[in-house]
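Here's the structure we're looking at; comments come further down.
In the text below, chain A, chain B and the rest are named by the order of the sequence lines, each starting its count at 1.
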2 protein chains.
Amino acid sequence: MAAAKGTPMSLAYIEVRNAAGFPGYESSCSIDENAGRAIREVLDRVGDKWSLLVIATLRGDRLRFTELLKHIPGISQRMLTLTLRQLERDGLVARTVYAEVPPRVEYELTDLGATLIPMARTIGDWALANHPAIEESRARYDAAH
Amino acid sequence: MAAAKGTPMSLAYIEVRNAAGFPGYESSCSIDENAGRAIREVLDRVGDKWSLLVIATLRGDRLRFTELLKHIPGISQRMLTLTLRQLERDGLVARTVYAEVPPRVEYELTDLGATLIPMARTIGDWALANHPAIEESRARYDAAH
DNA sequence: CGGCATCCCCTTCGATACTG
DNA sequence: CAGTATCGAAGGGGATGCCG
């Protein structure tokens with residue numbers, strides 16, 4: 001069983017041909033609807049344009065809004081705000097406001113957010129290692145079509 | 001150095017404070033622009049609505065178009081086509097056409113695509129394990145705002 | 001400093017219909 | 001069976017401006 005501890009997953013739609021246990025796939029065949037939803041909801045958060053970059057930048061640090069802005073090339077003020085709000089809402093990032101003048105706001109990963117680091121690292125490693133191969137493949141495909 | 005073997009990454013923008021080696025982050029501070037691009041391009045592919053689900057469904061199998069359609073709940077014909085074309089263009093999925101009547105087309109992961117399995121598994125595990133916590137956090141946040 | 005509000009473009013995606 | 005074509009809604013995301 002790949003279902004998380006305590007998670008009441010109704011694993012319908014499953015034809016067991018392979019119990020190797022890809023999460024959400026008890027078979028090599030059909031996909032569990034709940035698992036699909038969970039995976040897509042996580043990807044909707046972490047797979048958007050900036051979330052993972054924000055998380056990676058925050059790993060092990062408390063950073064102010066402006067610091068994040070400087071350290072993530074290309075992000076706009078608006079998108080940093082929106083991304084941080086989403087991450088805060090999901091309990092992945094903690095926001096601390098200091099009642100000072102001028103105002104100071106610091107962001108850091110929560111414990112839950114910190115568990116994303118290995119995942120982010122896996123994605124980052126894969127991206128750096130295989131991005132060139134993908135670029136080549138695209139060039140070949142485009143040339144042939 | 002976390003840069004992939006042979007990858008000529010110009011690691012500018014980097015202030016070395018921590019050599020722990022998060023991919024693309026030689027410091028705990030600034031982010032390398034190329035690494036950011038690579039990560040975002042990979043996420044643009046794998047982080048879209050269906051790609052990861054298609055990849056996970058194809059792991060270890062050769063499947064026909066209609067089979068994929070049946071095994072991925074909620075995907076439309078159009079989106080399956082588009083997703084498969086993108087994955088094929090990026091060299092992650094191989095498409096084989098059999099000149100028969102009626103036509104038969106089979107899809108399978110390439111070697112490059114297969115290297116995505118551990119990443120997909122990491123994401124899926126995390127999603128299944130932490131999705132409930134995220135839902136709770138959202139409910140709390142929404143109640144307080 | 002750290003936002004939020006507005007405007008607007010562009011892409012993504014679903015529904016539907018048609019085809020070799 | 002395995003697509004392609006077209007349409008339209010939704011929303012992601014950039015630029016800019018205002019505010020406590």
* Asked: Rounded to the nearest Å, what distance is computed from the CD atom of residue B:E106 to the P atom of nucleotide D:dC1?
  -> 14 Å
* Min side-chain heavy-atom separation B:N130-A:L116 under 4.5 Å -> no
* Asked: Does D:dG3 have OP1 or OP2 sitting under 4.0 Å from an N or O in the side chain of B:T81?
  -> no
* Asked: Just how far, in rounded Å, is P of C:dG14 from CG of B:L80?
  -> 11 Å
* To do: Using a cut-off of strictly less than 4.0 Å, decide whether A:R95 has a side-chain nitrogen or oxygen near OP1 or OP2 of C:dG3.
  => yes
* Is it true that atom CG of A:D111 has more than 12 heavy atoms of other residues, nucleotides or ligands lying nearer than 6.0 Å? -> no
* Asked: Between D:dG13, C:dG14, D:dG3, which nucleotide gets closest to the side-chain atoms of B:F65?
  -> D:dG3
* Grab the OH-P distance between A:Y98 and C:dG3 for me, whole Å please. => 13 Å
* Roughly, in whole Å, what's the span from NZ in A:K49 to C1' in C:dT12? -> 14 Å
* To do: May I ask you to evaluate whether B:Y107 reaches the phosphate of D:dG3, defined as a side-chain N or O under 4.0 Å from OP1 or OP2?
  => yes
* **Protein-nucleotide distance (B:E100, atom CD; D:dC1, atom P), rounded to Å** => 13 Å
* For A:Q77, report the nucleic acid contact type (base, sugar-phosphate, nothing); a contact means any heavy atom under 4.0 Å. => base
* Interatomic distance, B:Q86 CD vs C:dC13 P [rounded to whole Å] -> 9 Å
* Compute both the distance and the angle, then confirm whether B:R40 meets the cation-pi test with A:W50: under 6.0 Å from the six-membered ring centre, within 45 degrees of the axis. => yes
* Can you tell which of C:dC4, C:dG14, D:dG3 lies closest to the side chain of B:R85? -> D:dG3
* Structure fact -> Rounded to whole Å, CE of A:M79 lies from P of D:dG11 at a distance of 14 Å
* Asked: Is the phosphate of C:dC7, meaning OP1 or OP2, less than 4.0 Å from a side-chain N or O of A:R78?
  -> no
* Asked: What distance separates A:L112 CG from A:T115 OG1, expressed to the nearest 0.5 Å?
  -> 5.0 Å
* **Atom-to-atom span, CZ of B:R64 to C1' of D:dA2 - whole angstrom** => 9 Å
* Asked: Would you say the side chain of B:R45 lies within less than 4.5 Å of the side chain of B:L87, judging by non-hydrogen atoms?
  -> yes
